Protein chains: 2
Amino acid sequence: MRKRPQQQRSREMVRALIDATGKVIQQQGLDNTTTARIAEVAGVSVGSLYQYFGDKDGLIEALMESLADEIGTGLKRLPVMDNVDMAATVGSAIRFGFAVLHSRDGLYLELVRNWHRLPTNRVMDALQQHFMELARLYFLRHYQHHQISNLEVRVFIVTNSVLFTMIRHISQHSGLIREQELADELTLMVARYLASPPDTVEESP
Amino acid sequence: MRKRPQQQRSREMVRALIDATGKVIQQQGLDNTTTARIAEVAGVSVGSLYQYFGDKDGLIEALMESLADEIGTGLKRLPVMDNVDMAATVGSAIRFGFAVLHSRDGLYLELVRNWHRLPTNRVMDALQQHFMELARLYFLRHYQHHQISNLEVRVFIVTNSVLFTMIRHISQHSGLIREQELADELTLMVARYLASPPDTVEESP
DNA sequence: ATTGAATGCGAATACATATTCGCATTATGG
DNA sequence: CCATAATGCGAATATGTATTCGCATTCAAT
């Protein structure tokens, strides 16, 4: 952020600009998101935009940071320790994921679709770290008898698998597969995987 | 393709342009891939480029088509029916996936990273359809005793999970997780999932 | 009320890059 | 060889968009 807003009106403008950025990305897509349009939607001029954000990317970064907070808050509310049942726990996390992706009229969807050219990494890593923490707690509580030595790898796999399967489903497969079924199947896969002891592969029957 | 190349030299030029497109995307990234650079690398002029390709996207489409063939050929060579063991079969498919993503010096990686704004869908769908076919055959052969009613959903989940976990690993996590371990764990997850009967979730111990 | 700092403006500028077009060169059939 | 079509060229053009800058307006302290 180029300059720090000091007065009331400028703080409001910064807020309006960040909100407008989200709205424009959600409505026009990331590719058609221009500084001109953002300023217009925010009801300010392009010039003012550059008072507080070094460039367009700075604006987007600020948006991501704002959203990261939002997700963090949501994650902390997840009931992980209440359920003894692994599937139920995983299921609630997956439902939360779907809810986030569907919220804000597709803004999250557009952002994660373009994760590669955005500072999505910070959010993704935060998310993974959160799940890592949850998983650690869960296993400490319920699975003391068999150590999961490679929990990090498993959380990495599970996080990415679920996230991108959801995204692909929402953005392409509109209709052929019902979301409920997808959620159930994802839950099945993840719960079985996480509950299985390491370095053991079932033989085929 | 705007015009059909008739003479020898023009057919060679079209080939050179497609190859150059791949090379430039791989070396400069999709964002910095310009028609000027493509023409330069191909050793022809921009004007000539537009003789045979309506626009830049047409060129990229031609590239994708060419690569789709390459993948299709590779998939047909996969030994699916030889192994009775599910994990071995899944494992060989996953190794094939890694091999493709690593081939061509990161070209595939850059393409799939930007899957959303490219005609990757055709390739993705083809890939999924292939795996669907393989899965159907495999189950017909080895799992006649329990029907997998929702094979489509499962193949959808598995394909996307594996593909995007690989991509995330190759592009971000360079080092923290070894590729061998990731492949093994993915195999474990997928094999267990595909082998499990539908609508059944293990209770926690 | 005055004044200097903070804020706001948006036309003008800079830049990157896709696409065109008139002309030059090369191939092919007779 | 000639005539005609096919091919090839690349400077010039068109377009979209990020960023700047000189001037106008508003705030806040005295």
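Chain A is the first sequence line, chain B the second, and so forth, proteins listed ahead of strands; every chain is numbered from 1. Computed from a predicted structure; not experimentally measured.
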Counting just side-chain N and O atoms, does Ser48(A) come under 4.0 Å of either OP1 or OP2 of dG8(C)? no
dT19(C), OP1 or OP2 - any side-chain N/O from Tyr50(B) closer than 4.0 Å? yes
Picking from [options], which would you name as closest to the side chain of [X]?
X	options	answer
Lys56(A)	dT7(D), dT20(C), dT19(D)	dT19(D)
Gln51(A)	dA18(D), dG8(C), dC9(D)	dG8(C)
Ser10(B)	dG8(D), dG10(C), dA11(D)	dG8(D)

To the nearest 0.5 Å, atom CD of Gln28(B) lies from atom OG1 of Thr34(B) at 8.0 Å
Pair Asp31(A) + Arg117(A): basic N to acidic O under 4.0 Å: yes
Sorted by position of nearest nucleotide on DNA chain D, 5' first, the leading residue of Arg9(B) and Gly47(B) is Arg9(B)
So what does Arg11(A) touch, heavy atoms closer than 4.0 Å: a base, only the sugar-phosphate, or nothing? nothing
Regarding Thr34(A), tell me which of base, sugar-phosphate or nothing describes its non-hydrogen contacts under 4.0 Å with the strands shown. sugar-phosphate
Distance in angstrom units between Met13(A) CE and dT7(C) P, rounded: 9 Å
Lys3(B) has an atom NZ; how far is it from atom C1' of dA27(C), in whole Å? 13 Å
Within a strict 4.5 Å, meaning less than it, do heavy atoms of the Phe156(A) and Leu176(B) side chains meet? no
Apply salt bridge (Lys or Arg N to Asp or Glu O under 4.0 Å) to the pair Glu12(A) and Arg9(A), showing each step before the final yes or no. CA-CA 5 Å; Glu12(A) 279 166 3; Arg9(A) 54 173 179 163; over 6 Å; no
